[in-house]
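Below you'll find the structure, written out as structure tokens, and then a few comments.
Atoms considered below: every heavy atom in the structure, side chains included; atoms not considered: hydrogens, waters and symmetry mates.
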Amino acid sequence: SNNIINTFNVNKPKEISPTWLIKNLEKDYRVLRKILPKDNKELNYQPLLDILPSNIVECWKPFLNVNKIIPKESYLDINETNSVVDKHKDKMYTFYTLIDREKDKNFREDIIKDMKEIIMKGNIDALDRLVEHLVFTVEGWIEYDSNIKIFQYAQDKLRELIKRCIYRYDNTKGKFSSYLYVTLEKESINIRVNSKTDNNLIKKYADGSIEYHEYEEEYFS
């Protein structure tokens, strides 16, 4: 807890979370994963919060269980999805390439926001289509970013994370693309932290030197 307190006092973040711990105190996070209890396979951080000063606890942003957000009833309405796509038809390319970088990023955010609106109503067609568009977006990131390259070999895991991000995303707190990237980066670190494999092997795995299927069970079981 002393490392958390010291790092918090130096950086003075407005919010802290499991992601903040991973990015700033990875060694401490490794220890926490071993000692903290789990609720439904997710870490329970309450024992940690109980020993931290109140000013830090007030900044804690808890992990949001996606199962509490997913609409209880779902439906498939292709026409409803098409209405959103048609509204943004001349901007759908922004999931695949950026011509005017800043403007196109904003156009993409607008599409995601409108798609999420009907996804949260329960439209699974909109969810599936948005996920596929975002897979292409992430594949473009992977090409230039070794931090998340591991998902090049884990397409099912990537789709699962994208779905979670769509449900969890709060459009009042920054851009979806930033939230998605940070989530993928965090999960990439989680994979390495949880693995019992030699670090050199993980490095080779992440840069594509060895094939994914050889270690699929170990990394994603």
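Considering all non-hydrogen atoms of both residues, Phe8 and Trp20 come closest at N-CH2, 4.0 Å.
For Gln155, the CD atom counts as densely surrounded, since its 6.0 Å shell holds more than 12 non-hydrogen atoms of other residues, nucleotides or ligands. With a 6.0 Å radius and a threshold of 12 heavy atoms from other residues, nucleotides or ligands, Asn55 has its CG atom above the threshold.
Checked by atom type and distance alone, the side chain of Lys116 pairs as donor or acceptor with a backbone atom of Ile166 at under 3.5 Å. Formation of a donor-acceptor pair under 3.5 Å by the Asn11 side chain with backbone atoms of Pro13 is not found in this model. Put simply, the side chain of Thr183 gets close to the backbone of Tyr179: a donor and an acceptor are under 3.5 Å apart. For the pair Ser17 (side chain) and Lys61 (backbone), a donor-acceptor distance under 3.5 Å is absent.
Side-chain contact annotation: Tyr93 with Asp104, donor-acceptor N/O pair under 3.5 Å present. Under 3.5 Å, the side chains of Asp125 and Thr81 contain a donor-acceptor pair of N or O atoms. Side chain to side chain, Asn106 and Glu102 fail the donor-acceptor criterion of an N or O pair below 3.5 Å.
A salt bridge is defined here as a Lys NZ or Arg NE, NH1 or NH2 lying under 4.0 Å from an Asp or Glu carboxylate O, and Arg164 with Glu160 meets this definition. Of the charged side-chain nitrogens involved, none lies within less than 4.0 Å of a carboxylate oxygen, so that Glu109 and Lys105 do not count as a salt-bridged pair.
Here the OG1 atom belonging to Thr94 is positioned 7.0 Å from the CE atom belonging to Met92, to the nearest 0.5 angstrom. Note that CD of Gln152 is 8.5 Å distant from CD of Glu139, once rounded to the nearest 0.5 Å.
Here the rule is salt bridge (charged side-chain N to carboxylate O under 4.0 Å, His left out) with Asp114, and of Lys91, Lys87, Lys121 only Lys87 fits it.
The aromatic rings of His133 and Phe95 sit parallel to each other, their planes meeting at less than 30°, with 60° as the upper class boundary.
Residues Tyr96 and Phe136 place their aromatic rings such that the two centres sit under 6.0 Å apart.
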